[in-house]
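A short worksheet on the structure shown next.
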Amino acid sequence: MARLNDEVGALLREYADLILLTGGNAFRARSYEKAARSVGGYPEDLARLDEDGIRQIPGVGDSTAAKIAEYLTTHRILALDALRAKVPAGLREITAIPTVGPKTAVQLYRQLGISSVDELRAAIDADKVKGLPGLGKRAVENIRHGIEQVSRAGERTLLSTALDLAEELVAAIGAVPGCSRCAYAGSVRRMRETVGDIDVLATAKDSGPLMAALLDRPEVADVIGSGPTKTSVRTDQGLQVDLRVVPPADWGAALIYFTGSRAHNIKLRGRAVKAGLKLSEYGLFEVESGKKLASRTEKEVYAALGLPLIPPTLREDRGEIEAALAGELPEVVRLKDLRGDLHTHTNLTDGLASLEAMLEAAAGLGYQYYAVTDHAPNLAMQRMTDDKMLAQRERARALDRSYGGMRVLHGTELNIDADGGVDWPAEFLAEFDLCVASIHSSFTLDRAAQTRRLIRACENPYVNVIGHLTTRLLDRRQPIDVDLDAVFAAAGRTGTALEVNASPNRLDLNDEQILAARRHGVRFAIDSDAHSVPQLANQRFGVATAQRGWLGPEDVINTWSLTRLRRFLRKPALRG
DNA sequence: GCCGTTTTCGGCCCGACTGTTTTCAGTCG
């Protein structure tokens, strides 16, 4: 379920597009675009704000605030409806085609009456487009190609998939003679849950061999453009890859520039401008003299702007620059801070590896403790029984400290039923070291029922962690409809940790939800939910997501000592 | 339309690439 902020953000973005498509002022359009981004990323829920509160959102002035307020009360924006009436719906869709912007779309509409992607395709086939001002043979071919791209699917790519390719490309390009540095940047480096393209940055005196190395890659399906500083290609999987090559001395400035986000960069630039400076991918310069002040390392460039080095995962313009200036940038949790994993499976249920294999691998990761949490009997397909669970406990106890001194915790992943109840009676639950509880069914209950069941699960004195709370699957399932704030409040109140599920197609909670939950005093568990040995390594995605949610080690219970963790696992309701 | 240790008016991030233009407009990120 999209947040109201996202819904309003989308409407403002549409309004901005329609301004451009009706020949309106470009700065006015940009202003709405900026407001759209700002509203989408605003931590407070719009529904809780009055018009004054809305007016406080950066980039939202009187006019935009009034439109938002109008939408909140009437569920309409009359000015938006008026623009929609002027522009055929398909025109905006046409601007989604690469190489076709608002100017071209308007021209196609005015000259040829084209108002949908299908009509555009037909017009190209009938050779009616070529010859319009600015549209020669090449341009038309590009549009035809763009239409194919759009129709064959434009979903964003999972971070894990993109990261695999990014690491391969960096290894290949970095190995080219003459390449002094090479790294991936962009949303992959920021570890966004999905990415639209891969940005690779390299330094070399001569860029030619590096560009050639990318162009020669087997997965390159077509070349979007190639020059001395930039080459863009599309892979056979439809993923765009941009390679930028800069002089070695400008590595830091370029890495900042291409790591983004856009909003973070805009704010950095604004800061530079106020100081009479100019920031680009080639460095930080004095405007007057043109003198270069910094460019070699990220740290140096940030320092010249009066800022500490900001971790890439925080560079989203969600207050990190302001926090840095105030000396309040969080010390974000790192992979090496994790002392254990609290949600894992074995082949006793749906895992692939034995308990012993999982423990051995976990010890290899340097963990001090490790919880096995196989599924409980209510998930009937897992065929769990009391006897099987008790036998596993006995085995776990026997293996305690057998792998480099690592402590073995025996837990389970309970099923939260439609009413918020879980498997097993209290006396059975009391014997586990910890219980994760998750939703595995009844995804379509209404908001009130979902909220009620999750709050009840938090209130269960034996439920220590709520697993993958929203149950979304990035590639195929929407999150459940639930009042997250109410659940976060219950988790904070009852001492129930919320999971940051590290599985790359879950990442549940996500970054923004973590930010919101943290404001309720919630603690978190970063868990792999591994069903196999390799999946134990997914923790990197969970840690990155936690960083994006501004979590420090203090917030994450599996960075704590076992003693402190055990104290937390005995919930307030059970203490005397 | 938004915004202000330079401003309530006059700016608004900056640069690369392509194609068609012979000096630049449009698009993109």
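So that the names make sense, note that chain A is the first sequence line, chain B the second, and so on, each numbered from 1.
No hydrogens or angles considered: a donor-acceptor pair under 3.5 Å links the side chains of A:D242 and A:S232. Judged purely by distance below 3.5 Å, without hydrogens or angles, the side chains of A:N501 and A:E499 pair a donor atom with an acceptor atom. Neither side chain, A:E219 nor A:T235, offers a donor N or O lying under 3.5 Å from an acceptor on the other. Side-chain atoms of A:S295 and A:D250 form a donor-acceptor pair, as typed in the model, at a separation below 3.5 Å.
For the pair A:I19 CD1 and B:dC2 C1', the interatomic distance rounds to 12 Å; values are reported in whole Å. In this structure, A:F285 atom CZ and B:dC14 atom C1' are separated by 12 Å, rounded to whole Å. We find that CG of A:L80 is positioned 14 Å from P of B:dG1, with the value rounded to whole Å. Atoms CZ (A:R55) and P (B:dG1) sit 13 Å apart, rounded to a whole Å. Distance, A:Y32 OH to B:dC2 C1': 10 Å, rounded to whole Å. With rounding to whole Å, A:L279 atom CG is found 10 Å from B:dC14 atom C1'. Between A:N142 atom CG and B:dG19 atom C1' the separation is 9 Å, expressed in whole Å. Residue A:I266 contributes atom CD1, which lies 14 Å from atom P of B:dG15 at whole-angstrom precision.
Listed candidates were B:dT20, B:dG29, B:dA16. Nearest to the side chain of A:Q240 is B:dG29. Side-chain proximity of A:K103 to B:dG1, B:dT27, B:dG29: nearest is B:dT27. Nearest to the side-chain atoms of A:R244 among the listed nucleotides B:dC17, B:dG26, B:dA16 stands B:dA16. Comparing B:dT27, B:dG15, B:dC12 by their nearest atom to the side chain of A:P102 picks out B:dT27. The side chain of A:T229 has B:dA16 as its nearest neighbour among B:dC12, B:dA16, B:dC2. Checking B:dC12, B:dG15, B:dC14 against the side-chain heavy atoms of A:F27 singles out B:dC12 as nearest. For A:E281, counting side-chain heavy atoms from C-beta on, the closest listed nucleotide (B:dG15, B:dC14, B:dG1) is B:dG15.
Counting non-hydrogen atoms under 4.0 angstrom, A:P98 reaches the backbone sugars and phosphates but no base. Using a 4.0 Å heavy-atom distance criterion, A:K278 is classed as a sugar-phosphate-only contact. Among the heavy atoms of the strands lying under 4.0 Å from A:I97 are primed sugar atoms or P, OP1, OP2 only; no base atom is included. If you check every strand for non-hydrogen atoms under 4.0 Å, A:S232 touches nothing. Here A:F258 lies out of heavy-atom contact (under 4.0 Å) with every strand. Among the protein residues, A:D199 comes within range of no part of the nucleic acid, since none of its heavy atoms lies under 4.0 Å from any strand. A:D62 comes within 4.0 angstrom of sugar-phosphate atoms only, judged by non-hydrogen atoms across all strands, and of no base. At the heavy-atom level, A:R138 lies under 4.0 Å from the strands shown only through sugar-phosphate atoms.
Contact between the side-chain N/O atoms of A:T99 and the OP1/OP2 oxygens of B:dC28 is not found at any separation under 4.0 Å. A:K230 has no side-chain polar atom (N or O) that falls below the 4.0 Å cut-off from OP1 or OP2 of B:dC17. OP1 or OP2 of B:dC2 has not a single side-chain nitrogen or oxygen of A:S31 nearer than 4.0 Å.
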Report the C-alpha distance between A:L335 and A:Q539 in whole Å, list the side-chain angles of each, state the deciding distance to 0.1 Å, and finish with yes or no for side chain to side chain contact (heavy atoms under 4.5 Å, CB included). CA-CA 7 Å; A:L335 190 57; A:Q539 289 285 45; 3.9 Å; yes
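Not a single donor-acceptor pair, N or O on each side, falls under 3.5 Å between the base of B:dG15 and the side chain of A:Y257.
Both tests pass for A:K278 against the ring of A:F285: distance under 6.0 Å to the centre and angle within 45° of the axis.
In this structure, A:A65 and A:G270 both approach DNA chain B, and ranking their closest nucleotides by distance from the 5' end singles out A:A65. A residue-by-residue look at A:G61 and A:T104 shows that A:G61 has its nearest nucleotide of DNA chain B further toward the 5' end.
Base pairing of B:dC14 is made with B:dG29, judged by Watson-Crick or G-U wobble geometry with both donor-acceptor distances under 3.5 Å.
Rounded to a whole angstrom, the distance from the C1' atom of B:dC3 to that of B:dT8 is 9 Å.
Checked against A:M191 for a side-chain contact (heavy atoms from CB on, under 4.5 Å), the options A:V543, A:T545, A:D511, A:L163 give a single hit: A:L163.
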